Amino acid sequence: MLGKVKKIDKTYLFFILCICLFGLIMVYSASYPLGSAKYNDSSYFFHNQRMSLFIGLFAMTIGFFLPYSLYRKWSPVLVLGSILMLILVLTPWFGEMRNSSQRWLQIGPIVLQPAEFVKLTIVIYFASIFGKRGKTLSNFNKDVLPPLLVLGVVFLLILLQPDLGTATSIALPCVFIMLCAGIKKRHILAIAAFSVSGVVYLAVSAPYRLARVLSFRDPFNDPDGKGYQLINGYEAISSGGVLGRGIGEGIQKLGFLPEAHTDFIMAVVLEELGILGLAVVFFLYFGLLFKGVSIALRARDSFATLLTIGLLFQIMVQAVFNLGAVSGLLPITGIPLPFISYGGSSLIVNLFSMGIILQVSCNSKHISMYRIESRR
Amino acid sequence: MKRVSNVTMRKRLVTVFILAFIVFLIIGIRLAYVQFVLGKDLVDKAEDSWSRNITFEPERGRILDRNGDVLAENVSAPTVMVVPRQIKDPEEAATKLSQILGMEKDKALQHVTKKASIERIHPEGRKITEKQAEAIQALNMEGVYIAKDSKRHYPNGDYLSHVLGFSGIDNQGLMGLEAYYDEELSGEAGSLSFFSDAKGHRLEDMADVYQPPTDGQDLQLTIDSDIQTIVERELNNAEAKYNPDGAIALAVDPDNGEILAMSSRPSFDPEKYKETDPDTYNRNLPIWSSYEPGSTFKIITLAAALEEKVVDLEEDHFHDTGSIKVDGATLHCWKRGGHGDQTYLEVVQNSCNPGFVSLGQKLGTDRLFSYIKNFGFGEKTGIDLQGEGKGILFNPEKIGAVETATTAFGQGVSVTPIQQVMGVSAAINGGYLYQPHIADSWKNPVTNETETATETVMKRRVVSEDTSEQVRLALETVVAKGTGRGAYREGFRIGGKTGTAQKVGTNGQYMDNNYILSFIGFAPANDPEIVVYLAIDNPKNTIQFGGKVAAPIVGDILEDSLRSMGVEPQTDGLEKSYSWPEEPPLEAPNFIGMKKRELTEYYTTLQLEVSGSGEYIIDQEPKAGTKVEAGSTVRLYLSENPPE
């Protein structure tokens, strides 16, 4: 057990802790006006987030020590369980409505976001399906379609909440798992064509989605309505400059920028720390990405590789969706910035994923790079 | 059934990694773009529409005269602002607001339900009275705010209105000094930012952030309101007496170019600018209008001739036959039959046109025009007011002998009053051409301390002190003995020159019986403290001559101004000469049968009082041949038809 801890990828752990601490500080800075306004306690959100971080670090420890081979065995059960939760959340008895979306599941005192849970289980499921020893991927109907159908069900259930952003951010890592598993190029093209037509259909069929798509194109069309958040984000970003106003000194979070501590925390980072803050955040994410990919490459078996890829890109897809929205390149989907945005469920689940990746790093083949080279 | 190789997996993974890297890069670049390029533009554009700030207008700087008397100030006039999303009952709010503001309810309802974060009730809710503001505050309605605001007040009404100008409903300077110095007067707006969530609901229990406005600075002018008052009074009198088309008065300190007074008619009340003809407030005549100066321009010719030493005023003589032939054209003197033999000093005193033609010829075209340019004609003086005119000089390539000759006595050029005043100031102050200015200094509105002071700008030296002294003395004799006697005031040593310029009509021809009568005077002649220019445009019921109409007014302005400036009367001035040289005690001439326009040659010897209307003189009192003293009054009666 201790030997395992010794082999842990310390750089990776360092990156994780850095980004979590950075996030905690930024949450405090971004949320204290809202905290004192709503709860008469400027550190209300900070305390919550700190508690979530402790729980998250505990979850990471569990993820680290719980052998990942277990997930492989239980993956069908996990997926079925999470699908069940997704159905429950849509029912009036268990699901809770917040912000006109049904995303929360109340079981006794515990409020859960099943989507956060599904994020993990679907990746585990995909990794276990495509990481089977001796698996061939030549037959689309037999090898590729069944997991895709499961993904489709999950996707549609989340879409019913309705939450297109989360649904997409869950689907994309599964696609990356399939890609890396080595499915045929023509299968890739078929899936791509299907997804694109599906996305187009969904965007056009639901007016609120279309409106969101339109609003992100030109926020100044409706500066008081749909464009309000993005414009205030722009204002925050543009006032940051090179070094920013200084941490805690931001103005936009003082009630002007909605969701300053959650979805739009990057705008606060840019306002208060300027382009320097952007560099810090990007450095940390690149660190996680680069080290994560090398851990995946060094993993002992292809299940571990694909699981690492899935979990890693889950984080990256969320980051891209969030940053894309803040920068005005993508529609605003309400996806938090992993490790940095305020939000307990997301932080805990993400840290649990990191625990799994750290576990993979310990079981890695030490000279894997060399061995792959020598095989050629 | 080939097993998927690790190599494929590795290749794909690297591809996805590179893809992710590129996506991050694009987002990073985009964020930097928003930060440094896009944000500023878009935010500026949208700022007003989505800001949740309540702006606090800065207090506009006051305008003061040189002694600190207030010429423009602010009075409180609050503005109603509504935050539609905070209004709980729009119907009720609209009803109550419309009652207090005296507007239609439907219109008020539109404002309180408008999809905007903050809405001004424009125009009914702007610049309201204190009483209305109190009534609205008493409603204690959520989402309705009273913002402090002020409106401009000009305590003296139409006094100095062209110079002061006015500012609009947003306290933005629109005309005059209000526009010219708008930035300095405006200050910077402050704001009260209140905390709100995305829907604009106000968050309670949260201290609002207040950024106080920076008030505009107080502008102290070079204007002396004592002199300005004298000038306004004289223009009012002249307007009442002569019912002219317009009038211009300008007083300047010749030693530094400070404007002491500036006024013109028609005038307007800045607080009622909306009811005023834009042509009236757009045209600040003393600097905007440009016309043939007439004889006042002879001062420039005189100064040039003295500086170039082409004439000795005492020694050189000129014989005036009543006209002079130049290049085939005959140029007449204003006096029929001419002035006969005169020294050049008498040429100046008599304002003899052929005499000045000869001075122009002695100088030559090049030298004359180079002096005219050096005295500042043909270019803007650079005064700190909007809408200055440039005047028109002859195209240098087209100047022939005739143009030189007419220019020498003030015809064929077009100049502005301010150019004339600055040019004449240079001729009499020792030769220094100054840039005129009206802003004296900027004062801190709180401490009243001077923050910046305007510096005197001397453009160039045009003539020597010696020349300048001769000009002063010559012009003093014009007032004591010549055409300017109407301006003579015992003990004040006034110098000056009359001007009578025929106006050019829209067809480019001179208009009949339509003159601008002017006089430019200064005092004391030995060390001038003030230069006053006055022009009356087309006075009615009088002889159209500058010495008759304009000179006495300038005399009054100078005398009263010098008294208010504390300049002591002197005893060593020239005695006023009551008899015209060469002319014995008079017999009243026979006016009967003359046309009105032929009267001009008698203006200085006799006071003519005209009654009736028409072209022809049909009767006179006293009768022809009666012995009269020079300067006594002869009554004349006019008729449309010649006497039988």
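Computed over heavy atoms, backbone and side chain alike; hydrogens, waters and symmetry mates excluded. This structure is a prediction, so every number in the text was calculated from the model and none was measured. A, B, ... follow the sequence lines: proteins, then strands. Residue 1 opens every chain.
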Output field: ring centroids [X]/[Y] closer than 6.0 Å:
| X | Y | value |
| --- | --- | --- |
| A:F303 | A:F130 | no |
| A:Y285 | B:F21 | no |
| A:F290 | B:F17 | yes |

Contacting moiety of [X], where chain B heavy atoms sit under 4.5 Å:
| X | value |
| --- | --- |
| A:I188 | side chain |
| A:F313 | side chain |
| A:I309 | side chain |
| A:L312 | neither |
| A:V242 | both |
| A:L323 | both |

Contact class of B:V16 relative to chain A, heavy atoms under 4.5 angstrom
both
Among A:L270, A:I275, A:V293, the residue with the most heavy-atom pairs under 4.5 Å to chain B is A:I275
Short side-chain donor-acceptor distance under 3.5 Å, [Y] and [X]:
| X | Y | value |
| --- | --- | --- |
| B:R62 | B:N74 | no |
| B:E449 | B:N444 | no |
| B:E104 | B:S98 | no |

